[in-house]
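Encoded as structure tokens, the structure appears first; notes follow it.
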2 protein chains.
Amino acid sequence: MSSETKKPGRGRPKTLDKAHVTDVAMHAYWEEGPTEVSMNEICARAGVSKPSVYREFGNDDGLAYAALESYAASVLGKILAIIADDDIFPNKISKIAYLSAEEEVHENGCLFVKMRAAKAKMGPKTKALIDQIESMAIDAFTGLLTQGRATGEWNNSISVELGARYLHAQIGLALDQRARGQDPKALLDLALSVLSPPKA
Amino acid sequence: MSSETKKPGRGRPKTLDKAHVTDVAMHAYWEEGPTEVSMNEICARAGVSKPSVYREFGNDDGLAYAALESYAASVLGKILAIIADDDIFPNKISKIAYLSAEEEVHENGCLFVKMRAAKAKMGPKTKALIDQIESMAIDAFTGLLTQGRATGEWNNSISVELGARYLHAQIGLALDQRARGQDPKALLDLALSVLSPPKA
DNA sequence: ACATTTTTATACTAACTGGTATTTTAAAAT
DNA sequence: ATTTTAAAATACCAGTTAGTATAAAAATGT
């Protein structure tokens, strides 16, 4: 909606590519851990000066916020797309499980899960965004299960609210395990089996 | 086995209480996170000088190692005691779940889980101890499930190896949730329900 | 040409980190 | 009493962190 482009005014033209810096930061935090990479390091890797980064992002909190925001847009977008997809309920669950447990994009885990784990060290803006993404994810899973219940595809004794929290927790666990170099597939399948309706 | 007491020789008598320092470090790491408390801070809180701590523990790795070792001895001991207990299989599972999900001793989570999450920032000795405790835990759960299978109390299609890893992962998840201020009880119950034998 | 505006690059700060060299102190052995 | 041993306290070190003051550069407006 809002454009980043500001009609090029008087001063020296800007060479700093904000999206590029955000991307460098996002990948650094994602692959190496959000507390493992300093501002100095990000600036060096992005090939930009430190004052430029501070002008654009304010402080480390602002940069972490931008990185997480950018991450969430793409990853949460994929989950929402699966939910909105026209497919049967169990396939949607499988697709979400596959996305987190097997897709190579999550080979090193999930930036959100890592930032949540390091929440104590994050700044206030980033903390708030973590909470916001958390509830958006829960909402997404709640929507999925509400769908399933409405269509009768998900009929068991588990409440939608508990199911959504469970799904969220198990996917987070799988992503955490991937970050530790484990293969979470079998464990996640087992965990999600409790959401399956009885064989009836 | 080995005694820490060394016949008091010639020099100035030692006033530093190694067990006390270890305890201060353990609780600091446990409650605030192993990367949140510096050596300076530990020394100040324990009321001892920095060189004394470095003489006793070598470096930060040594102190973290001692803290985790002390923690594991007490907590893993409890789990092993439950397993060795004379009780029926499902009760043992319940007791272990209760220990991690409800006992107030784990109100702030589990030092092992937190150190494992911060493994990248730990020194080599502590890293090795984390791995060692991890496999000891898996072994303990494997033993429990092997028991259950042998007595026929745990008869389902899940392999002992997968079940042990699952139990370990779910308990770790519950402890992680507690560290984040959540109540994991309902989620853990749901997760562990897949280990229950069919109603038959 | 020259002033103005904005961004860039360099160099710096203050606080904190893990770790240590040095001096002081307290005991035992002679 | 004096020497010896070991521990303790103080003060220090080099490196890193987030963040910034200052100056140089590159554009536009007049």
Side-chain angles (χ1 to χ4, degrees), chain A residues 4-22 24-25 28-29 32-68 115 118 120-127, chain B residues 4-22 24-25 28-29 32-68 115 118 120-127:
Chain A
E4 292 297 331
T5 59
K6 204 175 294 179
K7 65 178 78 172
R10 280 242 246 171
R12 176 172 175 171
K14 180 179 302 188
T15 62
L16 180 142
D17 182 348
K18 192 171 180 178
H20 173 63
V21 176
T22 303
V24 166
Y29 294 150
E32 295 159 49
T35 66
E36 303 298 308
V37 197
S38 70
M39 293 293 280
N40 291 339
E41 186 63 26
I42 303 268
C43 295
R45 291 189 196 179
V48 298
S49 76
K50 211 157 35 148
S52 300
V53 170
Y54 278 87
R55 177 170 35 75
E56 290 295 324
F57 297 93
N59 52 21
D60 55 349
D61 190 18
L63 181 60
Y65 180 94
L68 180 55
M115 281 213 177
K121 284 206 167 163
M122 297 292 124
K125 281 175 57 181
T126 306
K127 270 184 183 155
Chain B
E4 292 295 331
T5 60
K6 204 175 292 177
K7 65 179 79 175
R10 280 241 246 174
R12 175 171 175 172
K14 180 180 303 188
T15 61
L16 180 142
D17 183 347
K18 190 170 180 178
H20 172 63
V21 176
T22 304
V24 166
Y29 293 150
E32 295 159 48
T35 67
E36 303 298 307
V37 197
S38 70
M39 292 294 278
N40 289 337
E41 187 62 27
I42 302 269
C43 295
R45 290 189 195 180
V48 297
S49 76
K50 211 159 33 148
S52 300
V53 169
Y54 277 87
R55 177 168 34 76
E56 290 296 323
F57 296 93
N59 51 21
D60 55 349
D61 190 17
L63 181 60
Y65 180 95
L68 180 55
M115 282 213 177
K121 283 206 168 163
M122 298 291 124
K125 282 174 57 180
T126 306
K127 270 184 183 153

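Every chain is numbered from 1 and lettered A, B, ... according to where its sequence line falls, protein lines coming before strand lines. Treat the numbers as computed from the prediction; the structure is a model and nothing was measured.
Where the helix from dT8(C)-dA23(D) to dT30(C)-dA1(D) starts and where it ends, the local axes point in directions that differ by 30°; five pairs per end, rounded to 10°.
Between His20(B) and Val48(B) the shortest side-chain heavy-atom distance does not fall below 4.5 Å. Using a 4.5 Å heavy-atom cutoff, the side chains of Val37(B) and Arg45(B) are in contact. Glu56(B) places a side-chain heavy atom less than 4.5 Å from the side chain of Lys14(B). With a 4.5 Å cut-off on side-chain heavy atoms, Asp60(A) and Ile42(A) do not count as touching.
When every heavy atom of Thr35(A) is checked against every heavy atom of Ala118(A), the shortest pair comes out as CG2-CB, 3.8 Å. Minimum heavy-atom separation, Ala66(B) to Thr22(B): O-CG2, 3.6 Å. Contact record, Lys125(B) with Tyr65(B): O-CD1, 3.5 Å, taken as the closest heavy-atom pair.
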Every protein N/O within reach of nucleotides 10-16 of chain D N/O, cut-off under 3.5 Å:
none

Between N or O atoms, less than 3.5 Å apart, protein on one side and nucleotides 1-7 of chain D on the other: list the pairs.
{"residue": "dA7(D)", "atom": "O4'", "partner": "Arg12(B)", "partner atom": "O", "Å": "3.4"}

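The CG atom of Leu63(B) sits 10 Å away from the P atom of dG19(C) (whole-angstrom rounding). One can place OH of Tyr54(A) at 18 Å from P of dC12(C), the figure rounded to the nearest angstrom. For Ile42(B) and dG19(C), the CD1 to P distance is 13 Å, given to the nearest whole Å. Atom P of nucleotide dT8(C) and atom CG of Asp17(A) are separated by 11 Å, given to the nearest angstrom.
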